[in-house]
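Shown next, in structure tokens, is the structure this report addresses.
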Amino acid sequence: MGDPRPPDRRPPDPRPPDRLPARPHLLVTGGAGFIGSAYVRDVLARDDGIRITVLDKLTYAGNEANLGAIAADPHQAARFRFVRGDIADAAVVGPLVADADAVVNFAAESHVDRSILDPEAFLVTGVIGVHVLLEAIRAEASRAAAGERAASPRYLQVSTDEVYGSVEAGHSKEGDRLDPRSPYSAAKAAGELLVQSYHVTHGTDTVVTRGSNTYGPFHHPEKLIPLFVTNALDDLPLPLYGDGMQHRDWLYVSDHAGAIDHVLHHGLPGETYNVPGDAELPNREVVTRLLEHLGKPWSLVRRVEDRPGHDRRYAMDGSKLAALGWRNRIAFDEGLASTVEWFRANEAWWRAIKSGDWTAYYERQYGARLAGSTEAG
Ligand code: NAD
Ligand code: TYD
């Protein structure tokens, strides 16, 4: 005797359910920076009714020009609002969270070298800022419980693989111990732990993403790839730290933004998701490839004094995010080629950043290093 029930021929639904309401209003903090602005541009370009308010302090790293394409498109501009302000300012944050279905927090000081020079802003934004956002969400959860709004806002914290510290072998999984080793990664780890505590203590609907080294258009020229591309375009020296054999796993910016959006919609409450790239490479190899794209010689590369506490390697296991249904789309060589082309075509954007305060930063970070540099071999 066979089973009398007809076989279920429906394919399994690979996507967990959407945890946001239809046509949500998102508060995107830090949305004028590199990854945040890519997220805002990509989501609004989908033209699916989502509205976005960006709250950004416009630090040296924030740039309204990164969102210029939105203002230029009336369909997108109608669903977009920009507020200049600090996530650590409860008076600004409260009303914005009250009006949002979800908060996606990109806001942070993001450069390891600057965290070694001046760590305080990292802590104010990364810990107090996150605390202020979470408290505003807690207030909205109370209003939801009192029937004053439909649901409490969801909170997504954009974090980093750097919270795992230097990973000599293997691939970090989400449950691994946090072992931050720079003031930047310590502030990011502290922010994450606060998020976790609100989920456990208050039942806040939170998700965390840990992205790997991201690259692409609009990347601030303080970071490895855009610094080396823009210096090479001007035939300036490329300051490679130490032996250049530190490994990073490169993730194209639209893939990072897409993964964050996927987790925002589908991630399970209280969970953390690694967002790895597709290219674990030593820095020397990254520099070799970008010089090839630019047609510039290796002789521009200078070996300079290493970064103190320099993490040797980051590498993450991405199976949890893959099981949630996300796949990256852009391979490293394709992404690097289009990034180099973007910097070639957008000189005005990066020259404006590499002026003013930049000169003092560059001298402080690289002046003595370059003076004492040697051939990179
Ligand atoms: P970014 O430095 O380009 O942008 C940060 C943005 O946050 C800027 O627009 C800045 O003005 C804003 N900001 C800073 N402090 C603020 C405050 N107190 N209030 C409001 N806005 C504030 O950084 P990014 O590279 O786009 O990184 C975005 C997020 O992704 C960060 O949280 C970072 O830790 C994380 N992340 C970055 C990478 C990477 O490779 N760039 C990798 C993994 C995770
Ligand atoms: P960076 O872009 O600062 O990202 P992160 O420190 O968050 O990984 O640096 C990427 C790698 O490149 C890292 O190993 C440090 C190295 N690096 C240099 O060798 N020279 C530089 O001038 C910079 C900015 C980075």
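Values below: all heavy atoms of this structure, side chains included; hydrogens, waters and symmetry mates excluded. Every number for a ligand or one of its atoms is a count from 1 in the order of the listing.
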(request) Give the contacting part of Asp311 toward ligand 2: side chain, backbone, both or neither, where contact means a heavy-atom distance below 4.0 Å. (result) neither

(request) Considering only non-hydrogen protein atoms, determine which one is nearest to atom 32 (O) of ligand 1 and report residue, atom name and distance to 0.1 Å. (result) Lys188 NZ, 2.6 Å

(message) Counting C-beta onward and ignoring hydrogens, is there a side-chain heavy-atom pair between Ile70 and Arg41 closer than 4.5 Å?
(response) yes

(request) Between Ala88 and ligand 1, find which residue part has any heavy-atom pair under 4.0 Å and reply side chain, backbone, both or neither. (result) neither

(request) Taking only Lys NZ, Arg NE, NH1 and NH2, and the carboxylate oxygens of Asp or Glu, determine whether Glu140 and Arg149 approach each other closer than 4.0 Å. (result) yes

(message) Could you tell me, atom by atom, which parts of ligand 2 come under 4.0 Å of a heavy atom of Gln246?
(response) 14 (O)

(message) If the cut-off is 4.0 Å to any non-hydrogen atom of Glu222, which atoms of ligand 2 fall inside it?
(response) 24 (C)

(request) Among all protein heavy atoms, pick out the one at the shortest distance from atom 43 (C) of ligand 1; state its residue, atom name and that distance to 0.1 Å. (result) Gly211 O, 3.2 Å

(message) So if I count the atoms of ligand 2 from 1 in the order they appear, which ones are less than 4.0 Å from some heavy atom of Leu240?
(response) 19 (O)

(request) Find all atoms of ligand 2 within a distance of less than 4.0 Å from any non-hydrogen atom belonging to Val112, and give their numbers and elements. (result) 6 (O), 7 (O)

(message) Do the side chains of Arg114 and Glu222 get close enough for a salt bridge, i.e. N-O under 4.0 angstrom?
(response) yes

(request) Check if Gly31 has a non-hydrogen atom at a distance under 4.0 Å from any atom of ligand 1. (result) no

(request) Determine, for Asp234 against Lys354, whether the closest basic-nitrogen to carboxylate-oxygen distance falls under 4.0 angstrom. (result) no

(request) Look at the aromatic rings of Trp326 and His262 and report parallel, tilted or perpendicular, splitting at 30° and 60°. (result) tilted

(message) Heavy-atom distances under 4.0 Å decide this one: backbone, side chain, both or neither, for Tyr184 against ligand 1?
(response) side chain

(message) So, applying side chain to side chain contact (heavy atoms under 4.5 Å, CB included) with Leu55, which one of Thr29, Val97, Val28, Val103 is it?
(response) Thr29

(message) Using a 4.0 Å cut-off to any heavy atom of Leu227, which atoms of ligand 2 qualify?
(response) 22 (O)

(request) Verify the distance criterion only: is there a donor paired with an acceptor across the side chains of Asp249 and Tyr314 at less than 3.5 Å? (result) no

(request) Give a yes or no on whether a salt bridge exists between Glu292 and Arg289, defined as a side-chain N under 4.0 angstrom from a carboxylate O. (result) no

(message) One thing to verify: whether Arg46 and Asp261 come together as a salt bridge, which I'm taking to mean a side-chain N less than 4.0 angstrom from a carboxylate O.
(response) yes

(request) Return yes when Ser159 approaches ligand 1 closer than 4.0 angstrom through a heavy atom, no otherwise. (result) yes

(request) Measure the distance from atom 37 (C) of ligand 1 to every protein heavy atom, then report the residue, atom name and distance (to 0.1 Å) of the closest one. (result) Ile35 CD1, 3.5 Å

(request) Would you mind finding which of Gln157, His256, Lys57 brings a heavy atom closest to atom 20 (C) of ligand 1? (result) Lys57

(request) Using distance alone, determine whether Pro239 and ligand 2 share an N or O pair under 3.5 Å. (result) yes

(request) Quick one: look up the protein heavy atom nearest atom 11 (O) of ligand 1 and list residue, atom name and how far away it is. (result) Asp56 OD1, 2.6 Å

(message) What I want to find out is whether Arg312 reaches Asp243 closely enough, with some N-O distance under 4.0 Å, to be called a salt bridge.
(response) yes

(request) Indicate whether the side chain of Asn231 and that of Tyr362 have a donor and an acceptor atom separated by less than 3.5 Å. (result) yes

(message) Are any of the N/O atoms on Asn63, whether in the backbone or the side chain, positioned under 3.5 angstrom from an N/O atom of ligand 1?
(response) no

(request) Identify the protein heavy atom lying closest to atom 3 (O) of ligand 2, giving its residue, its atom name and the separation to 0.1 Å. (result) Arg307 NH2, 3.0 Å

(message) Tell me whether Asn213 has any N or O atom under 3.5 angstrom from an N or O of ligand 2.
(response) yes

(request) Take every heavy atom of Glu162, measure it against each atom of ligand 2, and state whether any distance is under 4.0 Å. (result) yes

(message) Less than 3.5 Å apart, any donor N or O on the side chain of Thr272 or Lys320 sitting next to an acceptor on the other?
(response) no

(message) For atom 14 (O) of ligand 2, what's the nearest protein heavy-atom neighbour? Residue, atom name and distance, please.
(response) His310 NE2, 2.7 Å

(message) Looking only at protein heavy atoms, which one is nearest to atom 31 (C) of ligand 1, and what is the separation?
(response) Phe106 O, 3.2 Å

(request) Give me the ring orientation class for His220 and Tyr60: parallel if the planes are under 30° apart, tilted from 30 to 60°, perpendicular past 60°. (result) perpendicular

(message) I'd like to know if Tyr366 contacts ligand 2, where contact means a heavy-atom distance under 4.0 Å to any ligand atom.
(response) yes

(request) Flag yes if more than 12 heavy atoms outside Glu120 fall under 6.0 Å of its CD atom; otherwise flag no. (result) no

(message) Using a plain distance cutoff, I'd like to know if Tyr241 has any nitrogen or oxygen under 3.5 Å from a nitrogen or oxygen of ligand 2.
(response) yes

(request) Return yes when atom CD of Gln196 has more than 12 non-hydrogen atoms of other residues, nucleotides or ligands closer than 6.0 Å, and no otherwise. (result) no

(message) Give me the nearest non-hydrogen protein atom to atom 4 (O) of ligand 1 as residue plus atom name, then the distance to 0.1 Å.
(response) Gly33 CA, 3.4 Å

(request) Indicate yes or no: does an N/O atom of Leu55 lie under 3.5 Å from an N/O atom of ligand 1? (result) no

(message) Counting only heavy atoms not in Glu148 (residues, nucleotides, ligands), do more than 12 fall under 6.0 Å from its CD?
(response) yes

(request) Work out whether the distance between some heavy atom of Asn213 and some atom of ligand 1 is less than 4.0 Å. (result) yes

(message) For ligand 2, which is the ligand I care about here, please tell me if Asn283 has any N or O atom under 3.5 Å from one of the ligand's N or O atoms.
(response) yes

(message) Any salt bridge linking Glu280 with Arg313? Criterion: basic side-chain nitrogen under 4.0 Å from a carboxylate oxygen.
(response) yes

(message) With heavy-atom distances below 4.0 Å as the criterion, list the atoms of ligand 2 near His111.
(response) 3 (O)

(request) Spell out, yes or no, whether Val229 and Trp349 are grouped together once hydrophobic residues are joined by side-chain heavy atoms under 4.5 Å, including indirect joins. (result) yes

(request) Compute the shortest N/O to N/O distance between Phe228 and ligand 2 and return yes if it is under 3.5 Å, no if not. (result) no

(message) Checking a contact table here: which protein heavy atom is nearest atom 10 (C) of ligand 2, and how many Å away?
(response) Leu224 CB, 3.8 Å

(request) Specify side chain, backbone, both or neither for Leu58, according to which of its non-hydrogen atoms lie closer than 4.0 Å to ligand 1. (result) backbone

(request) With the side chain counted from C-beta on, respond yes when Asp311 and Arg248 share a heavy-atom pair under 4.5 Å apart, and no when they do not. (result) yes

(request) For atom 23 (O) of ligand 1, grab the closest protein heavy atom and report residue, atom and distance to one decimal in Å. (result) Ser110 OG, 3.2 Å

(request) Quick one: look at Thr214 and ligand 1, take heavy-atom pairs under 4.0 Å, and tell me if it's side chain, backbone, both or neither. (result) both

(message) For atom 5 (C) of ligand 1, what is the closest protein heavy atom, and at what distance to 0.1 Å?
(response) Ala108 O, 3.5 Å

(request) For Arg248, take its heavy atoms, then give the atoms of ligand 2 lying under 4.0 Å from any of them. (result) 8 (O), 13 (C), 14 (O)

(message) Can you tell me which portion of Ala121 lies within the under-4.0 Å heavy-atom range of ligand 1? Options are side chain, backbone, both, or neither.
(response) neither

(message) List ligand 2 atoms under 4.0 Å from Lys223, heavy atoms only on the residue side.
(response) 2 (O)

